[in-house]
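For reference, the structure is listed below as structure tokens.
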Amino acid sequence: MKVRYLPVMRGQDDRRRGRPAAHELARYEALFAARTRGMKSSAMREMMALTERPDVISLAGGLPDTSTFAPELYAKLMARVAAESTARALQYGPTEGMAATVSCIVEVMASEDTLVDPSDVIVTTGGQQVIDLVCKALIDPGDVIVAEAPTYPGAVPTFSAYQADVEQIEMDADGMPIDALESTLDRLQAQGRRPKFIYTIPNFHNPAGVTMSLARRHRLVEVARERELLILEDNPYGLLRYEGEALPTLYSLDAAAAGRGGASDLVIYLGTFSKILSPGVRLGWAVAPRPVLEKLNLGKQGADLCSSPVTQMFVAAYFQERDANGQATWLQYVERLRDLYRTRRDAMLEALKEHLGGRASWTQPQGGLFVWATLEGGTDTTDLLARCEGVAFVPGRAAYVDGRSGSSSMRLNFAGVPDTDIREGIRRIGRTMGGDTGLLGTLTGRPIAAASATAAPAESDPASQTDERAPLADVVALPRRESQQPARRQRDL
Ligand SMILES: Cc1ncc(COP(=O)(O)O)c(C=O)c1O
């Protein structure tokens, strides 16, 4: 008998080999559901393989800097979970989440001036699962979702997997313009189509880095109420504000408008511990109107029964930590992250000015993790990425459901790597672009202003103390930082 081996028994390393070959796929083609045809990899799987290389500076991932969390505290909290609750931690938990974890969520939301009833909360496996569960509960193939343009690259494959028809609304410095939203809604209404929900990231947008103004928040809630539309408010970054006044959540504005004792009836709120504590705990949450919450719960039962009790108990233990003055440790940590990321944001903005000045425009985020840069002259950032030596970013197309728009833009994460890497990474992009603009000048016959990548190197920046006239491939070797390597292997968000 001829034994046929299926190519699924792969070792750890083999699993990262990349896409299956066409002949491998062909064997399974007839088995795949129709919806898999629209499924896309989140922001370029192949590109992420590139960021595993130690010589590559990744400005691509949506990564916080987990090396800032004290190992002693991690050990202490895990030891406490083990000493007090091993059996519970190792057991299944309730689908809606453990009460102690829900209390932490209520505390986080209260720190954003948003009061929620614990029974309106469901604990999820990351905020990503909320997007998935909301689509699972609301989206039939062809249903409309209204989203911002650009939108969160990690939501794009989810929307595609549920075969949603996504209408993207171009943002400006104040987030989604509500008059443009209303025109879109009018057009859809004329076609007899009612969007299932409006998806928005009001604070320090991923990837755009912009924040929705207060006036627009009020108007968005009004529009949703006038037209009886659901909003999915995705807010991983609200607490990571580096300057300016905090703005109210859409959930709290709608709850006030609903006037029924605090609960919103049109906003599904998405939160996560990923950016204020750790993405590794894989814990997020949704707060939703009861009928929606019920469906999310049913969807979650089918997805994973419950989120990890081990990490839920870890979070609960963490939130009990206080210093000698009774100050909550989790809040102090968020404060530390704010200080660190503020400095890194400033380093990135300075580096952009130095190396891309005159050749690109970029957003000025007041918080969060990302800058969105758009290159002059129509340079395609997917091509640019392929030619960049030793630096990775997310090409703008990943943030558009059509996969074509946003081609001259890129998302740059300033939170996951130290200042020196940020500066060197931007310098490398600038150098590669120097080649581009040179070519553009050759093609158009227009003289291109001296690239800022050739500006005099700053004394204080060791990364720029190199000969700027060296070949493009000449990049500055950075010291290897072991603690950074695992983080770089994460998938992009
Ligand atoms: C806007 C947005 N939503 C949701 C998520 C999902 O995060 P997680 O699943 O780690 O909570 C992210 C992560 O980067 C994000 O940026």
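Counting convention: from 1, in listed order, for ligands and their atoms alike. Values reported hereafter were calculated over all heavy atoms of this structure, with side chains retained and with hydrogens, waters and symmetry mates removed.
Ligand 1 lies less than 4.0 angstrom from a heavy atom belonging to Arg282. Residue contacts with ligand 1 leave out Gln129, since none of its heavy atoms falls under 4.0 Å from the ligand. The closest approach between any non-hydrogen atom of Gly154 and ligand 1 is not below 4.0 Å.
Gln129 CD to Trp285 CH2: the interatomic distance, rounded to the nearest 0.5 Å, is 14.0 Å.
Ligand 1 places these atoms under 4.0 Å from at least one heavy atom of Asp234: 1 (C), 2 (C), 3 (N), 4 (C). Close approach to Gly126 involves these atoms of ligand 1, each under 4.0 Å from a residue heavy atom: 9 (O), 11 (O). Every atom of ligand 1 with a heavy atom of Pro236 under 4.0 Å away is listed here by number and element: 1 (C), 2 (C), 3 (N), 15 (C). Close approach of ligand 1 to Thr272 is summarised as follows: ligand atoms under 4.0 Å from at least one heavy atom of the residue are 8 (P), 11 (O).
Pairing each heavy atom of Ala415 with each of Asp65, the nearest pair is O-CB, 3.6 Å.
Looking only at atom types and distance, the side chain of Tyr333 has a donor-acceptor partner in the side chain of Thr68 under 3.5 Å away. In the model, Thr125 has a side-chain atom that pairs as donor or acceptor with a side-chain atom of Asp304 under 3.5 Å.
Residues Phe314 and Tyr74 place their aromatic rings such that the two centres sit under 6.0 Å apart. In this structure, the ring of Phe414 has its center no less than 6.0 angstrom from the ring center of Tyr341. Ring centroid separation for the pair Phe319 and Phe273 comes in under the 6.0 Å cut-off.
A cation-pi arrangement is present between Arg411 and Phe370, with the terminal nitrogen or guanidinium carbon under 6.0 Å from the aromatic centre and inside a 45° cone about the axis.
Close N/O approach between Gln128 and ligand 1 is found [any backbone or side-chain N/O within under 3.5 Å]. Polar contact with ligand 1: present for Lys275 (N/O pair, distance under 3.5 Å). Looking at ligand 1, you'll find an N or O of Gly127 within less than 3.5 Å of one of its N or O atoms.
Contacts between Ser274 and ligand 1 below 4.0 angstrom, taking non-hydrogen atoms only, involve the side chain exclusively.
Residue Tyr237 holds the heavy atom nearest to atom 16 (O) of ligand 1 of all those in Tyr152, Phe370, Tyr237.
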